[in-house]
Visitor: 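Here it is: the structure, laid out below.
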Amino acid sequence: MRLAAAIWLAALPVAAEPRFAAVPDALPAPHIYGGGWEHFVGGGVAVFDCNGDALPDLYIAGGESPARLYVNRSDGGAIRFAEAPAEALTGVTGAYPLDIDSDGHLDLAILRVGANALWRGRGACAFEEAGDAWGFEAGARWSTAFSATWEGAALWPTLAIGNYVDRANPDGPFQACDANELHRPGPAGYGAPLPLAPGYCALSMLVSDWQRRGTPELRISNDRHYYVRGGQEEMWRLDPLAARTEADGWPRISLWGMGIASADITGNGLPDVMLTSMGDQLLKLNTGAGYDNAPFAIGTYAQRPHIGDDGRPATGWHAEFGDIDNDGRLDLFIAKGNVDQMPSNAMEDPNNLLMQRPDGSFTERSVEAGLASTRRGRGAALADLDGDGRLDVVVVNRRAPVEIWRNETEAGNWLGVDLRQSAPNTRAVGAWIEVETDAGVQAREVTVGGGHAGGQAGPVHFGLGAAEAARVRVIWPGGTAGAWIEVPVNETIGIQRLD
């Protein structure tokens, strides 16, 4: 085990009100996700450390404007980014970081309206296009969702790509959802993609071992607005490749699905999911055999704006669980915003910050926290941008500048856990991290995917409340469980697999 230097050492009181400060000059210039109807959706941000300085950098979609790479230059509590040289791709809807070739450097899977791209990381935030060299068929579709995993003993990851409306269909956009794709590696790079059909206009995907049986499956959240007949939320078994059906216990659910967040919020060790949509934000609690809808009284449906007098349904996009106040209970952030000028839904639609109470219910605190922006939110991220042990917030907006807020909450103790193993799959995608304190055990799965058009690679953040000691165990990909390790709090630790 290697231990990083302590980042933030003060043990602070628990259960303070969340408080954020806007950082309008965090980026060197305003960054806007814009464009016509092919960029009504998308607008993601990839969060990852591309230069090894332990601060997360940002790759932000631009739509019809170029996507940009921003290197973190935060220092002394001030959040600042500088633009890094990178190919100025247009048509980018989102991006996800992962180490595709297992060389130790994080790469980028970039989704576009047009040909998708795989960028190989070369270190020091330098990238080169590598899709052709890896045999990746880039296509020319309208891609809006992504997830990835390593299957069995494969040396390269399986890549799942979700596509929206078929741009080549002259009868579209209604009844014209495109098929999705599964890119599996062969003996000499990637082969031709396998179609996941029919498609129902995917806007989020997540591979998760949701039953913790060693058999990850692919969840797809679909936009009902463009459904072909029979459209629904999907779960695909990967081996053998087949969609779950009502006959094997997968209930038919149809919603205007836009984003997926996954984490264990009940403490049973299984990941629950939040599905964002136009209308209800649907929290589904994992029983191990399936999912139950969370009771309305839990406070997570967030189906109407919570400020202002616009009573029309809300529109949820990126959702993410994270412990905002480090009290040991996961909270939930949801980026909100009208598709564009859709009259059926609220125009002034504030983001949600749902803080979890000790009884497991959630209460809205975005106004008090300073996060209730009514810009057209799309992709987002909760990440410790300045290295102080508290999760900051990034939101990508459609036709408005990116917003960044610094977390100034009087928060509890915390722990960051960063995993490494030998190639393949150097970042241990598919592992489970368990952190134990006197308050119990928190379990998190390392995944690539979910959110809305963007995701993260980096230390997994745990709030510890008042705990001054913690133990960590890793269940590595393949199911090998490591020993429990005593670790310090208020640090980011790195754990290297030895077997």
Visitor: Tell me if the CG atom of Asp53 is crowded by more than 12 foreign heavy atoms within 6.0 Å.
Guide: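 More than 12 within 6.0 Å, yes.
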Visitor: Answer yes or no: is there a side-chain heavy-atom contact under 4.5 Å between Asn352 and Glu364?
Guide: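 They are in side-chain contact.
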Visitor: Anything under 30° is parallel, anything over 60° is perpendicular, the rest tilted; go ahead and classify Tyr33 against His39.
Guide: perpendicular
Visitor: Which value, rounded to the nearest 0.5 Å, describes the distance between Leu55 atom CG and Arg73 atom CZ?
Guide: 9.5 Å
Visitor: Please tell me if the side chains of Phe20 and Val393 come closer than 4.5 Å, counting only heavy atoms from C-beta onward.
Guide: yes
Visitor: Is the closest side-chain heavy-atom distance between Ile260 and Arg219 below 4.5 Å?
Guide: yes
Visitor: Are side-chain heavy atoms of Phe362 and Leu330 found at a separation under 4.5 Å?
Guide: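 With C-beta onward as the side chain, the pair stays apart.
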Visitor: With no hydrogens and no angle check, just 3.5 Å: does a side-chain donor-acceptor pair link Glu468 and Asn413?
Guide: no
Visitor: Do Gln442 and Glu436 have side-chain N/O donor and acceptor atoms under 3.5 Å apart?
Guide: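 No, Glu436 and Gln442 have no side-chain donor paired with an acceptor closer than 3.5 Å.
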Visitor: Quick one: does Val435's side chain get under 4.5 Å of Leu464's, heavy atoms only?
Guide: yes
Visitor: Would you mind reporting whether His306 and Val367 have side-chain heavy atoms less than 4.5 Å apart?
Guide: yes
Visitor: Ignoring hydrogens and angles, tell me if any N or O in the side chain of Arg398 forms a donor-acceptor pair with the backbone of Gly35 under 3.5 Å.
Guide: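 Here the side-chain-to-backbone pair exists.
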Visitor: Determine, step by step, whether Thr447 and Val429 satisfy the side chain to side chain contact (heavy atoms under 4.5 Å, CB included) criterion, reporting the C-alpha distance in whole Å, the side-chain angles of both residues, the deciding distance to 0.1 Å, and the verdict.
Guide: CA-CA 6 Å; Thr447 60; Val429 174; 5.7 Å; no
Visitor: List the atom of Ala61, the atom of Ala67, and the distance in Å for their closest heavy-atom pair.
Guide: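 Residues Ala61 and Ala67, closest heavy atoms: CA-CB, 4.1 Å.
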Visitor: Any side-chain donor-acceptor pair under 3.5 Å between Asn345 and Thr315?
Guide: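 Judged by distance alone, the side chains do pair up.
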Visitor: Roughly how far, to the nearest 0.5 Å, is the CG atom of Asp49 from the CD atom of Gln456?
Guide: 12.0 Å
Visitor: Within the side chain of Asp418, is there an N or O that forms a donor-acceptor pair under 3.5 Å with the backbone of Thr492?
Guide: no
Visitor: Take Phe146 and Ile161, measure what side chain to side chain contact (heavy atoms under 4.5 Å, CB included) needs, and give me the verdict at the end.
Guide: CA-CA 5 Å; Phe146 179 84; Ile161 295 176; 4.0 Å; yes
Visitor: Could you tell me whether a side-chain N or O of Asn397 sits under 3.5 Å from a main-chain N or O of Arg399, the two making a donor and an acceptor?
Guide: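 Side chain of Asn397 to backbone of Arg399, a donor-acceptor pair under 3.5 Å: no, none is there.
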Visitor: Go through it in stages, so that I can follow the logic: the residues are Asp223 and Tyr164, the test is side-chain hydrogen bond (donor to acceptor under 3.5 Å, both in side chains), and I'd like the CA-CA distance, side-chain angles, deciding distance and then a yes or no.
Guide: CA-CA 9 Å; Asp223 185 356; Tyr164 202 53; 2.4 Å; yes
Visitor: Please say whether more than 12 non-hydrogen atoms of neighbouring residues, nucleotides or ligands are located less than 6.0 Å from CG in Asp438.
Guide: no
Visitor: Of the options Asp25, Asp386, Asp392, Asp384, which is the one that meets Arg406 in a salt bridge (charged side-chain N to carboxylate O under 4.0 Å, His left out)?
Guide: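 For Arg406, the salt bridge (charged side-chain N to carboxylate O under 4.0 Å, His left out) check succeeds only for Asp386.
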Visitor: Taking the six-membered ring of Trp142 (Phe, Tyr or Trp), confirm whether the NZ or CZ of Arg167 is under 6.0 Å from its centre and within 45° of its axis.
Guide: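 No - Arg167 does not lie over the ring of Trp142 by the 6.0 Å and 45° rule.
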Visitor: If I take atom NE2 from residue His318 and atom OG from residue Ser204, how far apart are they, to the nearest 0.5 angstrom?
Guide: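 OG of Ser204 is found 9.0 Å from NE2 of His318.
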Visitor: Is it the case that more than 12 heavy atoms not belonging to Asp359 sit under 6.0 Å from its CG atom?
Guide: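 Atom CG in Asp359 is crowded, with more than 12 foreign heavy atoms closer than 6.0 Å.
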Visitor: Is a side-chain donor-acceptor pair under 3.5 Å present for Glu233 with Ser221?
Guide: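 Yes - a donor-acceptor pair under 3.5 Å links their side chains.
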Visitor: Where do Gln232 and Pro251 come nearest, in terms of heavy atoms and distance?
Guide: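 Closest heavy-atom pair between Gln232 and Pro251: OE1-O, 4.3 Å.
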Visitor: Sub-3.5 Å donor-acceptor pair from the side chain of Asp280 to the main-chain atoms of Gln303, do we have one?
Guide: no
Visitor: Are His31 and Tyr70 close enough, and set up right, to give a ring pair (Phe, Tyr, Trp, His ring centres under 6.0 Å), and what steps lead you there?
Guide: CA-CA 11 Å; His31 183 104; Tyr70 297 98; 5.7 Å; yes
Visitor: Between the side chain of Thr437 and the main-chain N/O of Ala470, is any donor-acceptor distance below 3.5 Å?
Guide: no
Visitor: Under 4.5 Å between any side-chain heavy atoms of Phe462 and Asp323, yes or no?
Guide: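 Side chain of Phe462 against side chain of Asp323, heavy atoms only: no contact under 4.5 Å found.
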Visitor: Evaluate side-chain hydrogen bond (donor to acceptor under 3.5 Å, both in side chains) for Ser143 paired with Asn163, printing each intermediate quantity in order.
Guide: CA-CA 4 Å; Ser143 297; Asn163 299 309; 2.7 Å; yes
Visitor: Please report the shortest heavy-atom distance between Pro173 and Val165, naming the atom on each side.
Guide: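 Scanning both residues completely, I find the closest heavy atoms to be CA-CG1, 3.8 Å.
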Visitor: Measuring centre to centre across the rings, with the benzene-like ring taken for any Trp, is Trp250 within less than 6.0 Å of Trp236?
Guide: no
Visitor: For the atom pair OH (Tyr226) and CG (Leu203), what is the distance rounded to the nearest 0.5 Å?
Guide: 10.0 Å
Visitor: Just by modelled atom types, is the Pro271 backbone N or O under 3.5 Å from a matching donor or acceptor in the Asn286 side chain?
Guide: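 It does hold such a pair.
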Visitor: Where the side chain of Asn407 meets the backbone of Arg390, is there a donor-acceptor pair that is under 3.5 Å apart?
Guide: no
Visitor: So which heavy atom on Ile265 is nearest to which on Leu285, and how close?
Guide: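 Closest approach of Ile265 to Leu285, heavy atoms only: CD1-CD2, 4.2 Å.
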Visitor: So, Glu234 versus Asn222: side-chain donor-acceptor pair below 3.5 Å or not?
Guide: yes
Visitor: Do Glu410 side-chain atoms and Glu17 backbone N/O form a donor-acceptor pair below 3.5 Å?
Guide: no
Visitor: For residues His225 and Phe174, establish whether the separation of their ring centroids is below 6.0 Å.
Guide: yes
Visitor: Does a side chain donor of either Glu445 or Ser208 reach within less than 3.5 Å of an acceptor in the other side chain?
Guide: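 The answer is yes; a qualifying pair exists.
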Visitor: Run the side chain to side chain contact (heavy atoms under 4.5 Å, CB included) test on Thr93 and Ile110 for me, step by step, so that the C-alpha distance in whole Å, both residues' side-chain angles and the decisive distance to 0.1 Å come before the verdict.
Guide: CA-CA 8 Å; Thr93 58; Ile110 300 174; over 6 Å; no
Visitor: Would Asp178 and Arg141 count as a salt bridge (Lys or Arg N to Asp or Glu O under 4.0 Å) if you check the C-alpha gap in whole Å, the side-chain angles of each, and the deciding distance to 0.1 Å?
Guide: CA-CA 8 Å; Asp178 208 346; Arg141 291 172 164 170; 3.4 Å; yes
Visitor: Does Asn293 reach the main-chain N or O of Lys284 with its side chain, forming a donor-acceptor pair under 3.5 Å?
Guide: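 Not at all, since once roles are kept as given, no pair shorter than 3.5 Å links the two residues.
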Visitor: Rounded to the nearest 0.5 Å, how far apart are CD1 of Ile324 and OG1 of Thr409?
Guide: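 These two atoms lie 7.0 Å from each other.
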Visitor: Judged by atom type as modelled, is there a donor-acceptor pair below 3.5 Å linking the side chain of Tyr59 to the main-chain atoms of Tyr96?
Guide: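 No: the side chain of Tyr59 does not pair with the backbone of Tyr96.
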Visitor: Quick one: CG on Leu270 to CD on Gln211, what's the gap to the nearest 0.5 Å?
Guide: 8.5 Å
Visitor: Any chance the side chains of Ser373 and Glu403 put a donor and an acceptor closer than 3.5 Å?
Guide: yes
Visitor: Quick one: do the Trp210 and Glu217 side chains pair a donor with an acceptor below 3.5 Å?
Guide: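 Judged by distance alone, the side chains do pair up.
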Visitor: Using the six-membered ring wherever Trp is involved, compare the ring planes of Trp317 and His452 and label them parallel, tilted or perpendicular (cut-offs 30° and 60°).
Guide: perpendicular
Visitor: Please examine the side chains of Pro350 and Ile307, heavy atoms only from C-beta on, and report whether any two atoms are closer than 4.5 Å.
Guide: yes
Visitor: What closest approach, in Å, do Arg365 and Thr363 show between heavy atoms, and which atom pair accounts for it?
Guide: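 So the minimum-distance heavy-atom pair works out to NH1-OG1, 3.3 Å.
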Visitor: Would you please test Lys336 and Thr276 for side chain to side chain contact (heavy atoms under 4.5 Å, CB included) and show each step?
Guide: CA-CA 9 Å; Lys336 292 278 193 69; Thr276 59; over 6 Å; no
